[in-house]
Amino acid sequence: MSSPAVTLAAPEPATTTFFSVQARAEPGVMPRVLELFAKRGLVPALWHSAVVRKRLTIDIEVAGLGETAEYVANCLRRITGVDVVLTA
């Protein structure tokens, strides 16, 4: 008696989402932005922030969001002090 053959599908590569957040340079903005990812058990692979002319720019790269990425982007847009959120 022979064993049935088992075919394993290759795992799909994790999608990576890039966020660019433009906000007022206020102390509470960065922790509120990071909290959205922490609540989902995610640690950004990249986090870069800079203040230029009293404006805060945060660039974030996160793997594994999938279809949740647009929902997270909309949540980011509702944070007080955040003006623009771009995704790629």
Side-chain angles (χ1 to χ4, degrees):
M1 184 167 185
S2 63
S3 301
V6 177
T7 305
L8 298 176
E12 292 185 27
T15 57
T16 300
T17 306
F18 300 90
F19 298 91
S20 183
V21 178
Q22 305 289 318
R24 289 181 285 208
E26 296 176 351
V29 173
M30 283 197 291
R32 289 192 298 266
V33 168
L34 185 57
E35 178 184 27
L36 286 176
F37 301 101
K39 286 194 310 189
R40 289 164 179 77
L42 299 168
V43 176
L46 171 96
W47 177 286
H48 179 265
S49 59
V51 175
V52 177
R53 295 185 199 102
K54 298 183 182 179
R55 301 295 305 156
L56 174 63
T57 300
I58 306 170
D59 294 319
I60 308 161
E61 178 183 328
V62 181
L65 278 178
E67 295 181 14
T68 310
E70 192 56 38
Y71 174 76
V72 171
N74 287 328
C75 290
L76 288 168
R77 291 180 183 107
R78 289 193 288 266
I79 293 174
T80 302
V82 170
D83 298 319
V84 178
V85 177
L86 304 175
T87 61

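If you're wondering where the values come from, they're calculated on a predicted model, not measured in any experiment. Scope of the values below: all heavy atoms of this structure, side chains included, with no hydrogens, waters or symmetry mates.
- Residues Ser20 and Val84 are not in side-chain contact: their nearest non-hydrogen atoms beyond the backbone lie 4.5 Å or more apart.
- Of all heavy-atom pairs spanning Pro27 and Pro31, the tightest one is O-CD, 3.3 Å.
- For Met30 against Trp47, the heavy-atom pair with the smallest separation is O-CH2, 3.9 Å.
- The line from NE2 of His48 to CD1 of Ile60 is 12.0 Å long, rounded to the nearest 0.5 Å.
- Atom OH of Tyr71 is surrounded by 12 or fewer heavy atoms from other residues, nucleotides or ligands within 6.0 Å.
- Nearest heavy atom pair, residue Arg24 against residue Asp83, reads N-OD2, 4.2 Å.
- Considering all non-hydrogen atoms of both residues, Leu76 and Leu36 come closest at CD2-CD1, 3.3 Å.
- Between Glu26 atom CD and Leu56 atom CG the span is 9.5 Å, to the nearest 0.5 Å.
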Decide yes or no on side chain to side chain contact (heavy atoms under 4.5 Å, CB included) for Thr57 and Val52, but give the supporting numbers first. CA-CA 8 Å; Thr57 300; Val52 177; over 6 Å; no
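- Minimum interatomic distance between Thr15 and Gly66 (heavy atoms only, all atoms of both residues): OG1-N, 3.5 Å.
- Taking CZ of Phe19 as the start and CZ of Phe37 as the end, the distance is 4.5 Å to the nearest 0.5 Å.
- In this structure, Val85 is a member of the same hydrophobic cluster as Val51, with clusters built from ILVMFWY side-chain heavy atoms closer than 4.5 Å.
- Contact record, Ala23 with Val82: CB-CA, 3.8 Å, taken as the closest heavy-atom pair.
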